[in-house]
Amino acid sequence: MRLTVDGALVDLAEEATVLSAVRVAGVELPTLCHDDRLTPVGSCRTCLVRLDGRVVAACVTPAVDGAEVRVEEEELSRLRHDAVEMIVSALPPYALEGDGELSRVCRSLGIGPQTAQGGAGRGRDHTHPFVHLDRDLCIACGRCVRMCAEVQGTFALTLVGRGSETVVAPGTGGPWVDSDCVACGGCVDTCPTGALTEPGLPIGTYLAALTRTRTTCGYCGVGCALGVLTRDGEVAGVRPAKDGPVNRGHACVKGRFAHGFLHSPERLTQPLMRGRSGLEPVSWDEALDHIARGLRAAVAEAGPDAVAAISSARATNEENYLIQKFMRVVIGTNNVDNCSRLCHSPSAAGLTAAVGLSGGTDVFEDVEQADCLLVVGANPIDAHPVVGARLLQQVLHGARLVVADPRAVGLACHADVHLRPRPGTNVALFNGLAHVLLADGLIDEEFLRLRASGLPKLTAVLGDYAPDRVAGITGVPAADLVAAARLYGQAERPAIVYGLGVTEHLHGTDGVRTLANLAILRGAVGTDHGFGVNPLRGQNNVQGASDMGALPDLLPGYGKVGDPAVRGRAEQVWGTRVPDHDGLRIPQMFAAVRSGALRVLWVVGEDVCATDPDANRVVEALETCPLVISQELFLSETARHADVVLPAASWLEKDGTFVNFDRRFQRVRPALAPPGQARTDFAIVHAIAAAYGADLGCPTPAEALAECGRVAPVFAGISHQRLDREGAIPWPCPDPGRPGEAKLYLDRFATPDGLAHLAARPYLPPGESPDDDYPLILITGRRWAHYNSGNMTRRSGNIELDPSDRLDIHPADAARHAVRDGGAVLVESRHGQAMLPARVTDEIPPGQLFCSFHFPASLANALTSDHADTVTSCPEYKVTAVRLRVIQESS
Ligand code: FES
């Protein structure tokens with residue numbers, strides 16, 4: 001469509017508004033009740049223009065082909081001026097301090113602070129650690145209310161009062177801190193007046209005077225682009241980037257607000273070394289010299305395989321690249337692994353076998369086009385809130401939703417069908433769904449004939465998985481199973497999103513394979529008929545740590561260390577021989593320490609004593625190991641058991657890149673310098689190499705990524721310079737002149753034969769099942785305000801929102817065990833004990849319990865077993881048989 005704005009021709013898409021036309025023409029217009037992400041309401045009347053002679057609110061008026069829009073007319077200017085002036089006249093004088101939206105609008109209209117003479121003394125609500133409300137500054141534009149509903153999907157806010165007394169308030173009434181607010185910060189970001197602010201950026205702050213650093217969030221694997229605002233060497237606030245490819249201006253309570261840990265007095269600022277009285281401060285030279293001597297002694301006495309490193313899914317790609325290079329090139333061992341071993345290694349193995357590459361099959365924008373979502377073993381509302389919010393919006397806009405998860409949390413409350421399988425029965429569930437797809441003819445026969453293999457074998461196995469039998473194994477009613485399969489099977493564009501509830505099992509890789517079967521049967525992967533199979537990654541760079549080759553059997557880019565051609569390419573770049581046998585996986589490292597085979601364990605940014613299973617045995621291993629090196633922000637449980645502790649920089653103090661859950665490389669940039677003598681992991685690895693007498697080359701992160709591209713052609717087209725220009729690039733990206741592949745496998749699958757591989761896997765029982773001694777099943781996972789071991793979130797304002805761990809227990813079990821809400825409970829497994837306060841809730845089914853592992857003091861991982869996925873050694877975190885003992889009752 002084409003129209004004119006103040007005489008200038010403007011071309012517009014259909015269904016655009018007059019406001020869009022005005023903006024395209026480059027004309028400024030106040031829009032105090034408008035945010036491009038929200039449904040326009042046209043209530044403030046500050047955007048008045050003339051459309052073919054009529055005065056209209058530009059934000060809510062559709063543009064018309066051939067129309068004439070007038071903005072710069074004296075009468076219109078006066079109307080807009082008067083509308084803003086009337087709004088401002090009700091506000092207190094400080095309303096126009098700072099450079100917020102209202103202040104800028106008033107300056108542009110010549111409205112001075114003398115106009116703001118109102119303020120009814122309606123009071124403030126500063127009860128929440130991150131969101132502060134000044135009711136006197138509220139103009140009832142409703143942007144915050146719509147942001148909470150239309151972007152976040154929490155519906156926590158409302159407008160209360162009448163006429164000029166109308167003001168935003170939590171929908172639950174009472175103080176903000178007790179409301180349903182999930183602290184995404186969206187209301188603060190959209191508020192035009194400063195009625196809603198955050199503590200570090202109160203009304204009157206000149207944001208333009210702050211330093212803004214564009215980086216990528218270092219919490220979960222969503223990969224939100226953030227603008228970090230700093231002042232005098234401290235973070236004043238974090239603003240989600242509106243052009244962030246995944247978050248689009250949204251964020252969550254962690255990325256947005258959990259930065260208080262940066263200046264925690266507990267932050268490590270100098271190296272520590274174990275002396276007579278425990279860990280004592282030493283110089284970097286002393287620490288590095290001790291490490292180098294320990295490495296030399298171990299290699300000389302027991303060979304290079306006596307050394308192992310646990311690299312970090314928190315660290316950048318470049319740091320992970322450097323660590324694995326150090327282990328392979330300098331030490332001469334493949335003993336390097338990362339925590340994907342403990343979360344998504346079954347995804348890597350399962351997806352590689354099924355479709356060819358170790359990553360999700362589609363980018364998230366495509367998943368958002370799905371008309372049916374199958375969300376399995378994931379609670380993105382809590383664990384990946386930005387993705388959770390976008391999935392929820394998709395459902396609120398009509399997409400069908402099947403959730404498969406034992407707990408009734410997050411998206412499950414909005415599901416068309418909620419399947420609640422017994423923990424450890426996923427393979428039976430997925431086989432049951434596949435059985436129905438076959439039985440009802442809901443498969444893509446042409447796709448299966450041309451692009452997939454394995455159907456006859458799968459069909460034979462699926463004969464044993466009729467809904468009634470699956471109901472017996474899983475506890476899922478047969479009718480629900482059939483309904484779910486039909487929703488997925490009849491959708492035009494189905495998508496699967498899954499989490500650790502699929503992978504962290506004794507047969508986690510089988511779970512991934514049998515889940516992928518559903519997409520393959522439907523022809524919903526590698527085609528335009530669906531959006532594949534997409535794992536939600538837990539840690540910020542768990543995808544990247546594996547991509548960079550921090551794995552004992554795979555080099556950068558997932559080439560096998562046993563493959564001479566793959567090794568040859570790396571050897572050519574590195575100029576030295578690469579060991580040809582697989583190294584140790586993380587659980588094998590602890591076993592090797594206990595047996596005396598491993599002499600040095602280097603743990604980079606992982607709190608293995610808190611997050612790894614069977615924690616008592618992990619501690620035993622660390623205490624046995626002659627030299628344990630821990631690179632950390634804080635004196636974590638692991639650091640306490642180390643011989644040398646090196647103070648490390650956080651994600652806000654680093655330069656490099658992360659890869660998010662949908663395979664996008666994005667830049668990480670330092671907003672601050674590390675405190676004291678802390679160094680980046682990149683600098684620490686170089687320093688250890690230098691102390692050992694080695695030069696790793698690639699002196700900068702940019703050069704490290706460039707070198708990685710020479711070792712792994714799938715990354716060859718990605719560079720810091722290109723990311724600085726383009727923002728985000730998905731891999732595979734072998735060519736610097738071409739875009740990366742966002743949607744995979746449209747031509748062929750990346751398997752050796754180019755086909756998608758169906759997997760015929762029978763259901764096998766989990767490692768532990770309830771019995772007379774241990775009658776309950778414990779599931780562990782994450783909660784909304786915290787992250788992983790909690791070392792960062794517990795040292796931020798998030799601790800006020802969620803101050804302690806708790807054990808979720810169904811009311812029937814609570815009654816049976818005489819457990820009261822809030823009462824202390826001793827949980828016992830065959831592996832250890834943990835003490836937790838009870839939370840009685842029907843979110844968890846009878847016979848099951850749930851707790852997080854964010855509070856190491858509660859010892860949740862002392863309970864979990866050493867059962868692990870038979871293919872990848874990923875621990876069976878989701879199934880531990882336990883029993884309860886009540887210690888005390890709450891008053
Ligand atoms: Fe158009 Fe408020 S912005 S009426």
Side-chain angles (χ1 to χ4, degrees), residues 1 3 5-6 10 12-13 15-64 67-91 95-96 99-111 115-116 118 137-151 157-168 186-196 242 249:
M1 124 175 56
L3 45 72
V5 176
D6 288 341
V10 168
L12 281 179
E15 298 179 11
T17 62
V18 172
L19 178 60
S20 308
V22 172
R23 286 186 173 159
V24 170
V27 180
E28 289 285 325
L29 205 53
T31 53
L32 290 180
C33 70
H34 183 81
D35 183 313
D36 286 341
R37 294 168 288 180
L38 308 175
T39 307
V41 292
S43 63
C44 73
R45 317 310 281 177
T46 60
C47 67
L48 297 179
V49 298
R50 199 180 298 282
L51 175 71
D52 287 340
R54 275 186 311 130
V55 176
V56 298
C59 64
V60 286
T61 305
V64 181
E68 183 190 15
V69 178
R70 306 295 305 177
V71 181
E72 304 290 2
E73 273 182 16
E74 194 178 330
E75 185 196 353
L76 291 167
S77 297
R78 187 176 47 74
L79 286 172
R80 293 193 294 265
H81 178 281
D82 290 353
V84 174
E85 192 174 58
M86 196 170 79
I87 290 168
V88 171
S89 66
L91 304 180
L96 299 192
D99 60 358
E101 184 176 340
L102 181 64
S103 298
R104 292 196 307 273
V105 165
C106 285
R107 268 173 224 138
S108 72
L109 297 177
I111 297 172
T115 306
L137 291 174
C138 181
I139 61 172
C141 65
R143 280 164 61 166
C144 51
V145 177
R146 281 174 284 146
M147 181 65 81
C148 194
E150 296 178 16
V151 174
L157 304 181
T158 187
L159 293 174
V160 297
R162 306 181 69 173
S164 62
E165 293 299 304
T166 306
V167 65
V168 64
C187 56
V188 172
D189 290 339
T190 195
C191 178
T193 67
L196 290 164
K242 287 195 170 153

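Each ligand, and each atom within it, is numbered from 1 in the order the structure gives. Quantities reported herein were computed from a predicted structural model and do not represent experimental measurements.
Residue His34 has at least one heavy-atom neighbour below 4.0 Å for each of these atoms of ligand 1: 3 (S). Which parts of ligand 1 touch Cys33 is read off a 4.0 Å heavy-atom cut-off, strictly below it: atoms 2 (Fe), 3 (S), 4 (S). Interface atoms of ligand 1 facing Gly42, defined by a heavy-atom separation under 4.0 Å, are 4 (S). Under a 4.0 Å criterion applied to the non-hydrogen atoms of Cys47, ligand 1 contributes the atoms 1 (Fe), 3 (S), 4 (S). If you number the atoms of ligand 1 from 1 as listed, the ones under 4.0 Å from a heavy atom of Arg45 come out as 2 (Fe), 4 (S).
No more than 12 heavy atoms of other residues, nucleotides or ligands shown are found within 6.0 angstrom of CD on Glu28.
Considering every non-hydrogen atom in both Leu12 and Ala63, the closest pair reads CD1-CB, 3.8 Å.
Atom 1 (Fe) of ligand 1 lies at 2.8 Å or more from every N, O or S atom belonging to Cys44. In summary, an N, O or S atom of Cys59 is located under 2.8 Å from atom 1 (Fe) of ligand 1.
Rounded to the nearest 0.5 Å, atoms CD (Glu75) and CZ (Arg70) are 13.0 Å apart.
If you check the side chains of Glu150 and Thr39, you find a donor sitting under 3.5 Å from an acceptor.
At a 4.0 Å heavy-atom cut-off, ligand 1 touches Ser43 through the backbone alone.
The pair Glu73-Arg78 fails the salt-bridge criterion, with no side-chain N (NZ, NE, NH1 or NH2) lying under 4.0 Å from an Asp/Glu carboxylate O.
Protein heavy atom nearest atom 3 (S) of ligand 1, with residue, atom name and distance: Thr31 CA, 3.4 Å.
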Query raised in the report: Run the salt bridge (charged side-chain N to carboxylate O under 4.0 Å, His left out) check on Asp36 and Arg23 step by step: do they pass?
Result: CA-CA 12 Å; Asp36 286 341; Arg23 286 186 173 159; 2.7 Å; yes
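The only member of Val64, Asp52, Val5, Thr61 that meets side-chain contact (heavy atoms from CB on, under 4.5 Å) when paired with Val69 is Val5.
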